[in-house]
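Take a look at the structure below.
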Amino acid sequence: MAAAAVGPLWGLVRCSQRVAAGRFAGLPRRRFHGSAAAAAQVTVRDALNQALDEELERDEKVFLLGEEVAQYDGAYKISRGLWKKYGDKRIIDTPISEMGFTGIAVGAAMAGLRPVCEFMTFNFSMQAIDQIINSAAKTYYMSSGLVPVPIVFRGPNGASAGVAAQHSQCFASWYGHCPGLKVVSPWNSEDARGLLKAAIRDDNPVVMLENELMYGVAFDLSEEVLSKDFVVPIGKAKVEKQGTHITLVSHSRPVGHCLEAAAVLAKDGVDCEVINLRTIRPMDIEAIESSVKKTNHLVTVEGGWPQFGVGAEICARIMEGPAFNHLDAPVVRVTGADVPMPYAKILEENCIPQVKDIILAVKKTLNI
């Protein structure tokens with residue numbers, strides 16, 4: 001990374017040290033229980049670690065590379081224990097040069113391996129944007145289907161806590177814009193485990209946008225989800241809560257906010273349906289359309305900026321499709337503020353969608 005990035009990088013290193021030391025251990029541990037019987041409580045961090053371990057064991061072509069992923073066990077401990085188990089050839093520490101190690105990973109994928117390329121934060125993936133877009137995303141098309149690029153780009157995405165503008169962007173719309181890529185965005189442990197396994201097995205380049213603040217949150221997992229054969233299909237959304245009055249569509253951490261808002265609104269007699277997108281590209285627009293035809297109202301929620309965002313794409317697709325005539329009110333977007341992320345805690349909170357913002361948007365849409 002360029003010398004100019006030393007300041008922000010040092011901030012990230014300090015942040016990762018705080019994470020490793022339990023700095024965010026006091027964050028609320030929200031748990032949402034599905035209908036399946038729980039076999040274990042697993043954090044998102046451990047779900048990702050298990051998925052990596054199982055796929056490394058299943059396929060010798062899979063390997064992990066990135067900054068501090070090996071001997072340090074990962075900046076966020078996602079790769080904890082993997083270097084000791086699989087060694088230097090499968091778990092590879094790289095220099096602080098995203099363009100360099102991403103290029104190595106893309107070349108390895110073209111040569112028939114299945115790299116998992118970790119960015120310490122997706123903000124630094126901007127250093128490697130040429131490798132991701134011009135090399136990984138376009139090569140299969142430009143080679144007339146002769147050269148697949150089975151690679152996973154993964155790491156924390158979006159706002160964390162107190163790391164300011166250079167470490168707080170959501171890249172869902174950035175990478176979702178580009179044909180040739182698949183883009184997934186997990187919320188809970190089931191999403192993280194199933195989507196990572198599906199991404200590693202996919203023959204296309206997959207961008208997996210995780211959320212740092214979710215790493216330590218525990219969720220109940222069933223025996224089915226804990227199976228080594230379990231995968232979450234890429235391109236399929238999940239209805240986290242059935243409802244009849246209004247549809248809330250979100251991805252990543254804001255899915256939890258939507259469920260909390262739905263619980264509050266239920267006390268006022270408002271029955272919300274909550275959809276967890278899981279995949280940004282290809283987007284499961286059919287699931288959203290089916291829900292809108294039932295509820296006749298739609299609110300989208302995301303942590304990214306409003307202009308050209310995921311919510312904007314959903315609005316356009318709904319307007320152009322068969323669900324438009326079922327709407328009884330305009331679609332409302334709840335997004336991050338249209339500014340670089342401030343450092344001050346109170347300003348940061350006001351730049352990220354909160355539960356109260358979702359409740360306000362629902363009441364505005366339903367005119368109550």
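No experiment lies behind these values; they were computed from the predicted model shown. Nothing fancy with the numbering, it's 1 onward along the sequence.
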Step by step, would you call Trp83 with Asp93 a side-chain hydrogen bond (donor to acceptor under 3.5 Å, both in side chains)? CA-CA 9 Å; Trp83 175 66; Asp93 276 331; over 6 Å; no
So, are Arg80 and Asp46 salt-bridged, with charged N and O less than 4.0 Å apart? yes
May I ask you to list the residues sharing a hydrophobic cluster with Leu347, side-chain cutoff 4.5 Å, ordered by chain and number? Ile346
Please enumerate all residues that pass side-chain contact (heavy atoms from CB on, under 4.5 Å) together with Cys170, with sequence neighbours excluded. Asn157, Ala172, His251
Show which side-chain atoms of residues 308-331 pair as donor or acceptor with protein atoms under 3.5 Å away, not counting sequence neighbours.
| residue | atom | partner | partner atom | Å |
| --- | --- | --- | --- | --- |
| Glu313 | OE2 | Arg317 | NH1 | 3.2 |

Are more than 12 heavy atoms from other residues, nucleotides or ligands located less than 6.0 Å from atom CG of Asp338? yes
Kindly write out the residues that satisfy side-chain hydrogen bond (donor to acceptor under 3.5 Å, both in side chains) with Glu348, not counting sequence neighbours, or none if the list is empty. none
Looking at Tyr72, is its backbone amide N or carbonyl O close enough to the side chain of Lys77 to form a donor-acceptor pair, meaning the two atoms are under 3.5 Å apart? yes
Using 30° and 60° as the class boundaries, would you call the ring planes of Tyr215 and Tyr76 parallel, tilted or perpendicular? tilted
Could you tell me whether Glu190 and Arg278 make a salt bridge, using a distance below 4.0 angstrom between a side-chain N and a carboxylate O? yes
Check: Thr279 side chain, Gly235 main-chain N or O, donor-acceptor pair, under 3.5 Å: yes
Asn276 side chain to Glu240 backbone, donor-acceptor under 3.5 Å: no
Which other residues belong to the hydrophobic cluster containing Met341, where Ile, Leu, Val, Met, Phe, Trp and Tyr are joined when side-chain heavy atoms lie under 4.5 Å apart, directly or via other members? Ile352
Which ILVMFWY residues are connected to Met142, directly or by a chain of links, through side-chain heavy atoms under 4.5 Å apart? Tyr141
List the residues meeting side-chain hydrogen bond (donor to acceptor under 3.5 Å, both in side chains) with Lys138, not counting sequence neighbours, and say none if there are none. Asn134
Keeping Asn204 on the side-chain end and Leu181 on the backbone end, is there a donor-acceptor pair under 3.5 Å? no
Residue pair Asp203 / Tyr140, side-chain donor-acceptor N/O under 3.5 Å: no
Might you confirm whether atom CD of Glu60 has over 12 heavy atoms from other residues, nucleotides or ligands at distances under 6.0 Å? no
Considering residues at least two apart in sequence or located in another chain, which fulfil the side-chain hydrogen bond (donor to acceptor under 3.5 Å, both in side chains) criterion with Glu54? Arg193, Lys197
Classify the ring geometry of Phe122 against Tyr175: parallel below 30°, tilted from 30° to 60°, perpendicular beyond 60°. perpendicular
Please evaluate residues Trp187 and Ser252 with respect to the criterion side-chain contact (heavy atoms from CB on, under 4.5 Å), reporting the C-alpha separation (whole Å), side-chain torsions for both, the decisive distance (0.1 Å), and the verdict. CA-CA 4 Å; Trp187 163 55; Ser252 191; 5.7 Å; no
Can you list the residues that meet the salt bridge (charged side-chain N to carboxylate O under 4.0 Å, His left out) rule with Arg201, with sequence neighbours excluded? Glu55
Under 3.5 Å: donor-acceptor pair, side chain of Thr43, backbone of Val217: no
With sequence neighbours left out, write down each residue that passes side-chain hydrogen bond (donor to acceptor under 3.5 Å, both in side chains) with Gln354, or none if nothing qualifies. none
CE/Met99: more than 12 non-hydrogen atoms of other groups inside 6.0 Å: no
When rounded to the nearest 0.5 angstrom, what distance separates CZ in Arg114 from CG in Asp202? 8.0 Å
Can you confirm whether more than 12 heavy atoms, excluding those of Lys363, are under 6.0 Å from its NZ atom? no
Do any pairs count as a side-chain hydrogen bond (donor to acceptor under 3.5 Å, both in side chains) and have a residue in residues 294-311, sequence neighbours left out, and if so which ones? Gln242-Lys294, Thr247-Thr295, Glu273-Lys294
Within a 6.0 Å radius of atom NZ on Lys293, are there more than 12 heavy atoms belonging to other residues, nucleotides or ligands? yes
Could you check whether any side-chain N or O of Asp191 sits under 3.5 Å from a backbone N or O of Pro186, counting only pairs where one atom can act as donor and the other as acceptor? no
When you measure from the side chain of Arg281 to the backbone of Gly176, do you find a donor-acceptor pair of N or O atoms at a distance under 3.5 Å? yes
Which residue pairs pass the side-chain hydrogen bond (donor to acceptor under 3.5 Å, both in side chains) test with at least one member in residues 142-154, sequence neighbours excluded? Glu118-Arg154, Arg154-Glu210
Sole residue of Leu248, Val299, Val264, Thr244 in side-chain contact (heavy atoms from CB on, under 4.5 Å) with Cys272: Leu248
